[in-house]
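Below is one structure, written out as structure tokens; comments come after it.
So you know, we letter chains A, B, ... as the sequences are listed, proteins then strands, and number each from 1.
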Number of protein chains: 2
Amino acid sequence: MITKSLEDYLEAIYNSLKDRGHASTNEIASDLGVKPPSVTEMFHKLNKQGWVNYRKYEGVTLTREGEEIAKSVSDVHSKVRKFLELIHVSSEQADEDACKVEHHLSEESIGQLNMFIEFIENCPAEEVRWIEHFNYFNEHHELPLDCPGADKEKGCDD
Amino acid sequence: MITKSLEDYLEAIYNSLKDRGHASTNEIASDLGVKPPSVTEMFHKLNKQGWVNYRKYEGVTLTREGEEIAKSVSDVHSKVRKFLELIHVSSEQADEDACKVEHHLSEESIGQLNMFIEFIENCPAEEVRWIEHFNYFNEHHELPLDCPGADKEKGCDD
DNA sequence: GATTAGGTTTAGGTTAACCTAAATTTGTAA
DNA sequence: TTACAAATTTAGGTTAACCTAAACCTAATC
């Protein structure tokens, strides 16, 4: 079974591989603010689940399944962060909070949050009956005809 | 130190006292989906912290400090729920997610979320340059003059 | 007053996720 | 090649929050 903690490790590994090209015990430990032995232990668990390939003293890589999980967690993270930034939470705090919140949203909430963000980004800062428009967007998956963004180049459902 | 779990118990106790006038082991157990012995154990911890008055076989009441914590958790809960409902998450799911998210938001994010909700509720569904207006509201703590809600009876900063 | 049912607590155990200290491996430099 | 420093793992321990089973209270009924 996946836990919040295992998700955190997968995400950290994913980011480390992306940013540094590798994921070692010490790096992940310092990224997550834990001690190296904790990381080794978790590497074993992730390996047993088939989410990473672990080779002693060398570090880990993600399996396809592990990468899928990591990507989806990371995706939720950036959606939450984006929303928080939209309502003017500082980007450091938004990122920190996203880390914690990312494990606790249902599919439904994630979907709606995404819908909301997409709507705002595609129909911004204009004379807009925005909540009515959002309701329409929510139902039809495209901007209403009288929305200033609707006749522009970019649709809302990409 | 307070933990997510202790917060959950305080909130459940608070709601039980409000809804039923008392908070017994079995009730809290069933509210939180745990077994009675777990509740007894947590009652002891809460009692030791000075957040509840625990009397064996009788249940708990909240101390002033306990009630303060419970109220603030409960407050965050309803803000998160309200926001999720605003973006059309079903109310059951919104409530469920709020339960989990409520423990993980910083003061800053809570404040901004509140600001956002207040803004929306006071400046709704009109011809509104809503994100610009939100920016203004965020900065000045009142609706801009050209906001349809601004000349109505109710201000934005109550 | 004795019995009993239901609620509550105690006793003891499990698990996840951490930790420190000690051992081990690895790569590099003398 | 040997020796050492740094990284990693192993061994063993801690804590929070749960659990089951058994013991214990309490209030109602006979």
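Residues from residues 7-22 of chain B with heavy atoms under 4.0 angstrom of DNA chain D, sorted by number: Y9(B). Near DNA chain D, meaning a heavy atom under 4.0 Å from it, residues 43-53 of chain A has H44(A) in order of number.
Residue pairs meeting the salt bridge (charged side-chain N to carboxylate O under 4.0 Å, His left out) criterion with at least one partner in residues 7-17 of chain B, sequence neighbours excluded, are K4(B)-D8(B). Listed by first and then second residue, the salt bridge (charged side-chain N to carboxylate O under 4.0 Å, His left out) pairs involving residues 64-73 of chain A are E67(A)-K71(A) (not counting sequence neighbours). For residues 20-37 of chain B, every residue pair satisfying the salt bridge (charged side-chain N to carboxylate O under 4.0 Å, His left out) rule, not counting sequence neighbours, is listed here: R20(B)-E27(B), R20(B)-D31(B). Evaluation of the ring-ring contact (aromatic ring centres under 6.0 Å, His included) test over residues 3-40 of chain A, restricted to residues two or more places apart or in two chains, returns none.
Contacts of T40(B) with the nucleic acid, taken as non-hydrogen atoms under 4.0 Å apart, include base atoms.
Judged by distance alone, the side chain of T25(B) and the main-chain N or O of V39(B) form no donor-acceptor pair under 3.5 Å.
Partners of L17(A) according to the side chain to side chain contact (heavy atoms under 4.5 Å, CB included) rule, which considers only residues two or more places apart in sequence or in another chain, are I13(A), A23(A), L62(A). In this view, F43(B) and Y54(B) satisfy the ring-ring contact (aromatic ring centres under 6.0 Å, His included) rule, not counting sequence neighbours. Residues satisfying the ring-ring contact (aromatic ring centres under 6.0 Å, His included) test with H104(B), not counting sequence neighbours, are H104(A).
Heavy-atom contacts of chain B under 4.0 Å fall on DNA chain D between two terminal nucleotides, which in 5' to 3' order are dA16(D) to dC25(D).
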List every contact pair, protein side and nucleotides 21-25 of chain C side both N or O, where the distance is under 3.5 Å.
from, atom 1, to, atom 2, distance (Å)
dT25(C), O4', Y57(A), OH, 3.4

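Under a 4.5 Å side-chain heavy-atom cut-off, the cluster of Ile, Leu, Val, Met, Phe, Trp and Tyr residues that includes Y57(B) has no other member.
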